[in-house]
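Notes for the one structure printed next.
The figures that follow rest on heavy atoms only: side chains count, while hydrogens, waters and symmetry mates do not. Numbers restart at 1 for each chain; the letters A, B, ... are given by sequence-line order, proteins then strands.
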Amino acid sequence: MKLAVCIYEGPYNHEASDTAYNFIQAALKRGHEFKGIFFYHDGVYNVTKLMEPPQDDRHIANRWSQLGATGIDIVVCIAAAKRRGIVDDVLVPNVRISGLGQLTMMAIEADRLVVFGD
Amino acid sequence: MSEEKKKIMFTVRKAPHGSIYVYEGLEVKLIMAAYDADISVVFVDDGVFAVKQGQNTKALGIKGFAATYGALVDYEITKVFVDRQSMEERGMSEDDLLVIGEDEDTEEPIKPQVVDSDEIAAMMAEQHNILAF
Amino acid sequence: MLHTVNKSPFQNTTLESCIRFTRPGDVILLIEDGVLAAQADTSKSDMLSQAMATAEVYALQADLQARALTELVPGVKVTDYEGFVELVEKHSTHAWL
């Protein structure tokens, strides 16, 4: 199946990003394809390379970047990002900034869109 | 090729202003309205406060959005529903709802349609995908 | 329809609303703080039991374990992330945020 995921909450502060990540890993294991992963609201903070979590904890931004390296389209909403000071320069590799049109395409083209937030 | 338009629903369950969910959720609706999809919006739970008329965020110093909700019909978002029980539980009636546009022919104001939860549940079941805000 | 609920029923009426919009054949999946509803013998257990007359109720194992919830309302099914994906395969999803 073609899936898409939308994440609304920032890293560490809320479980949404972790639940989404674990869901995506399980979906890949079951052979699903992803139309994309879209970060919205404070979710845009998930992929900044400025984060430096303690070494004994998960590195949320790197985790998303590694997922992006496998070819999954990871999109940060430009409107939400600009509002919060997130620009291209601070993003980890393998993610991109784009518009809400991308979320629209995911909602239309994915067989299932799953939303994680607060 | 006559492929049917995909049904996309937005559920609004959060109160306005306390968080940005409703505001940024509205931005998604306006963008999505420009695409080839069959869009509907339902206000449930505290989401009904988002369509209460008379909202004024001036003293908060934040940009309000009631005016944009007032233009939903102009964006061709016409399937707009309010859950009756959520509205009544919150001491609101149909009179309290803001106007979302006017009828092209009669120029009569259009308000969100108040419906029962089983109707909303039936609509939800028909959707291709649902975005919650 | 798959309904995901991620809020504690002790603090928030989200689960109650979700149940009100649930139709026969639907599934409610408790995730994150939503799994607190699955704990047996609480003031919310009856609500969840009644919901099971209409819908199947699942709770996400990782979230249960993280919160040390072992005694569950009878009828609640425990699933893992792959089980979550299987539910998504079968149903379109609404997140009751």
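When all heavy atoms are compared, the tightest approach of Leu69(C) to Leu72(C) is O-CD2, 4.3 Å. Of all non-hydrogen atoms in Ala37(C) and Leu48(C), the two that sit nearest each other are O-CD2, 3.3 Å.
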Quick one, Tyr45(A) with Phe39(A), criterion side chain to side chain contact (heavy atoms under 4.5 Å, CB included). Give me CA distance, side-chain angles, the key distance, then yes/no. CA-CA 8 Å; Tyr45(A) 291 123; Phe39(A) 288 106; over 6 Å; no
Side chain to side chain contact (heavy atoms under 4.5 Å, CB included) assessment of Ile60(A) paired with Val47(A): CA-CA 7 Å; Ile60(A) 287 182; Val47(A) 284; over 6 Å; no
Applying side chain to side chain contact (heavy atoms under 4.5 Å, CB included), run through Ile37(A) and Leu67(A) and close with a yes or a no. CA-CA 10 Å; Ile37(A) 296 165; Leu67(A) 203 60; 3.7 Å; yes
Apply side chain to side chain contact (heavy atoms under 4.5 Å, CB included) to the pair Phe116(A) and Leu97(C), showing each step before the final yes or no. CA-CA 8 Å; Phe116(A) 297 93; Leu97(C) 301 179; over 6 Å; no
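Taking non-hydrogen atoms and a 4.5 Å limit, the residue list of residues 68-103 of chain A in contact with chain C is empty.
Going from atom CD1 of Ile31(C) over to atom CG of Leu64(C) covers 12.0 Å, rounded to the nearest 0.5 Å.
Residues Leu29(C) and Val5(C) form no side-chain contact, since every pair of their non-hydrogen atoms from C-beta on lies 4.5 Å or further apart. Residues Val5(A) and Phe38(A) fail the side-chain proximity criterion, which asks for heavy atoms closer than 4.5 Å. Between Leu15(C) and Leu30(C) the shortest side-chain heavy-atom distance falls below 4.5 Å.
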Short of 3.5 Å, which donor-acceptor contacts do chain A and chain C share? List atoms and distances.
| residue | atom | partner | partner atom | Å |
| --- | --- | --- | --- | --- |
| Glu15(A) | OE1 | Arg67(C) | NH2 | 2.8 |
| Thr19(A) | OG1 | Glu32(C) | OE2 | 2.5 |
| Asn22(A) | ND2 | Tyr81(C) | OH | 3.2 |
| Lys29(A) | NZ | Glu82(C) | OE2 | 3.3 |
| Arg30(A) | NE | Glu89(C) | OE2 | 2.7 |
| Arg30(A) | NH2 | Glu89(C) | OE1 | 3.0 |
| Arg30(A) | NH2 | Glu89(C) | OE2 | 3.3 |
| His32(A) | NE2 | Glu89(C) | OE2 | 2.6 |
| Arg112(A) | NE | Val88(C) | O | 2.5 |
| Arg112(A) | NE | His91(C) | O | 2.8 |
| Arg112(A) | NH2 | Glu89(C) | O | 2.9 |
| Gly117(A) | O | Asn6(C) | ND2 | 2.8 |

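Proximity to chain C (any heavy atom under 4.5 Å) is shown, for Ile24(A), by neither the backbone nor the side chain.
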